[in-house]
Amino acid sequence: MTSRIAFQGALGAYSHEACEAYKPDMEPFPCKTFGDVLRAVRDSDAELAMLPVENSSYGRVADSHRLLPESGLHIVDECFTKSVRAHLVLLPQAQKFLDKHNIRADAAADSAGAAAKLAMSKKLDEGVLASELAAKIYGLEILAKDIEDYGHNTTRFLVMSREPNLARRGSKKLMTTFVFQVRNIPAALYKAMGGFATNGVNMTKLESYMVGGSFTATQFYADIEGHPDDENVARALEELSYFTDSLRILGVYPKGEKRD
């Protein structure tokens, strides 16, 4: 049986393009929602999940971040593509091009799905903003490329698996992602972060979530450089544990080649 990699959207979606770039030998497995993507891996319908988590122009993909901590899966890799998450998000990122050519923008839930519908309709006075892969799959002509307003526009994806991979070491720099809840005491977060500064651990991301709809219970998501077994990272995580009610590592994985 061919190994599968699950993603959200129709064939030709930007997440599909990320799958092709990451594992071209794996069979793409399209899913309707992000929850379905994670469920496909948990239920062994797919071996890996490709999940967009943030875009350099749009910010974090809220649905993915909400699902990550309780997914039951583990981050094993990250990758970056010059793309966006969905047609609805893509439109404002190409606004200058659309305005210049007096093109009316109509939002659709999924860019690849919009490409498929256009191919079926055979309309000559409509177009879609979608990936080159979508054009290839659905037999559409590409009229313009690289039309985003900002050249830095990049999406970060996390690759999820049923099993963690903590064994990778060596010269390639590693990232560790974890979630934690601080104790309900004064300056808990400030004290929790101190251990990373004093131990020379670079924290590249720190974001908060509300837990259970409560304004007083907060969970934090963090990315740091290093492996949990590195001496300085181990010390920092130990100090963090003094000020937290829970701490859970979501994954240890190599830095994506395009991260820097």
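Positions are given from 1 along the sequence.
Smallest separation of non-hydrogen atoms from Pro24 and Ala21: CD-O, 4.2 Å. Between Val53 and Ser64, the closest heavy-atom pair is CG1-CB, 4.2 Å. When all heavy atoms are compared, the tightest approach of Val61 to Pro52 is CB-O, 3.6 Å. Taking all atoms of both residues into account, the shortest heavy-atom contact from Ala13 to Gln8 is CB-O, 4.1 Å. Here the closest non-hydrogen pair linking Ile137 and Gly12 is CD1-N, 3.6 Å. Between Asn232 and Gly200, the shortest heavy-atom contact is ND2-O, 3.7 Å.
Remark: Ile75 CD1 to Met160 CE distance equals 5.0 Å, nearest 0.5 Å. Atoms CD1 and NE2, on Ile5 and His16 in that order, are 9.5 Å from each other to the nearest 0.5 Å. Between atom CG of residue Leu51 and atom CZ of residue Phe7 there is a gap of 12.5 Å, rounded to the nearest 0.5 Å. Here OG of Ser15 is found 8.0 Å from CE of Met50. Values are rounded to the nearest 0.5 Å. One distance of note links OG of Ser246 with CZ of Arg183; it measures 12.5 Å at 0.5 Å rounding. Taking CZ from Phe34 and CG from Asp63, the interatomic distance works out to 6.0 Å, rounded to the nearest 0.5 Å.
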Legend entry - Derivation and outcome, side chain to side chain contact (heavy atoms under 4.5 Å, CB included), residues Met175 and Glu225: CA-CA 5 Å; Met175 301 293 297; Glu225 293 182 348; 3.8 Å; yes
Legend entry - side chain to side chain contact (heavy atoms under 4.5 Å, CB included) between Arg162 and His74, worked out: CA-CA 6 Å; Arg162 287 184 295 276; His74 305 271; over 6 Å; no
Inset, instruction - May I have the step-by-step check of side chain to side chain contact (heavy atoms under 4.5 Å, CB included) for Ser131 and Glu17, ending in yes or no? - result: CA-CA 8 Å; Ser131 68; Glu17 200 167 55; 3.6 Å; yes
Legend entry - From CA spacing to verdict: side chain to side chain contact (heavy atoms under 4.5 Å, CB included), Thr176, Ile249: CA-CA 7 Å; Thr176 296; Ile249 292 177; 4.2 Å; yes
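Electrostatic pairing of Arg156 and Glu78 counts as a salt bridge here, judged by a charged N lying under 4.0 Å from a carboxylate O. With salt bridges taken as basic N to acidic carboxylate O contacts below 4.0 Å, one links Lys145 and Glu132. The existence of a salt bridge linking Glu54 and Arg60 is excluded, since no basic side-chain nitrogen approaches an acidic carboxylate oxygen closer than 4.0 Å. A salt bridge does not link Lys255 with Asp223: none of the charged nitrogens is closer than 4.0 Å to a carboxylate oxygen. Comment: Arg168 engages Asp77 in a salt bridge, judged by a side-chain N to carboxylate O separation of less than 4.0 angstrom.
Inter-residue side-chain proximity for Pro164 and Val252 is flagged as unmet; no heavy-atom pair is nearer than 4.5 Å. Between Leu240 and Phe196 the shortest side-chain heavy-atom distance falls below 4.5 Å. Contact of the Leu166 side chain with the Pro228 side chain is not registered, since no non-hydrogen atoms from C-beta on lie closer than 4.5 Å. In this structure, Lys191 and Met193 have side chains that are not in contact, with every pair of non-hydrogen atoms separated by 4.5 Å or more. Side chains of Thr81 and Phe157 form a contact here, defined as non-hydrogen atoms less than 4.5 Å apart. Residues Pro69 and Gln219 form a side-chain contact, since some pair of their non-hydrogen atoms from C-beta on lies under 4.5 Å apart. Glu20 is listed as a side-chain neighbour of Leu133, based on a closest heavy-atom distance under 4.5 Å. Side-chain contact between Phe178 and Leu247 is present, with heavy atoms from C-beta onward closer than 4.5 Å.
Cluster annotation: Ile224 and Val182 are assigned to the same hydrophobic cluster (Ile/Leu/Val/Met/Phe/Trp/Tyr, side-chain heavy-atom contacts under 4.5 Å, transitive). No continuous path of hydrophobic side-chain contacts links Leu206 to Tyr221 [ILVMFWY only; heavy atoms under 4.5 Å]. Using a 4.5 Å cut-off between side-chain heavy atoms of Ile, Leu, Val, Met, Phe, Trp and Tyr, with links allowed through other members, Ile185 and Tyr242 fall into the same hydrophobic cluster. In this structure, Ile142 is not a member of the same hydrophobic cluster as Val128, with clusters built from ILVMFWY side-chain heavy atoms closer than 4.5 Å. No path of Ile, Leu, Val, Met, Phe, Trp and Tyr side chains, each step under 4.5 Å between heavy atoms, connects Phe29 with Val159, placing them in separate hydrophobic clusters.
Side-chain polar atoms of Arg169 and His227 form a donor-acceptor pair below 3.5 angstrom. With no hydrogens or angles considered, no side-chain donor-acceptor pair links Glu231 and Asn199 at under 3.5 Å. A donor-acceptor contact closer than 3.5 angstrom links the side chains of Tyr253 and Thr177.
Partner Leu73 forms a side-chain contact (heavy atoms from CB on, under 4.5 Å) with one of Val37, Leu250, Leu38 and no other, that one being Leu38.
Applying the 6.0 Å contact sphere to NZ of Lys117 captures no more than 12 heavy atoms from other residues, nucleotides or ligands.
Using a distance-only test at 3.5 Å, with no hydrogens or angles considered, a donor-acceptor pair links the side chain of Thr33 to the main chain of Asp36.
The aromatic rings of Phe180 and Phe220 sit parallel to each other, their planes meeting at less than 30°, with 60° as the upper class boundary.
Evaluation of the salt bridge (charged side-chain N to carboxylate O under 4.0 Å, His left out) rule for Arg248 yields Glu70 as partners, not counting sequence neighbours.
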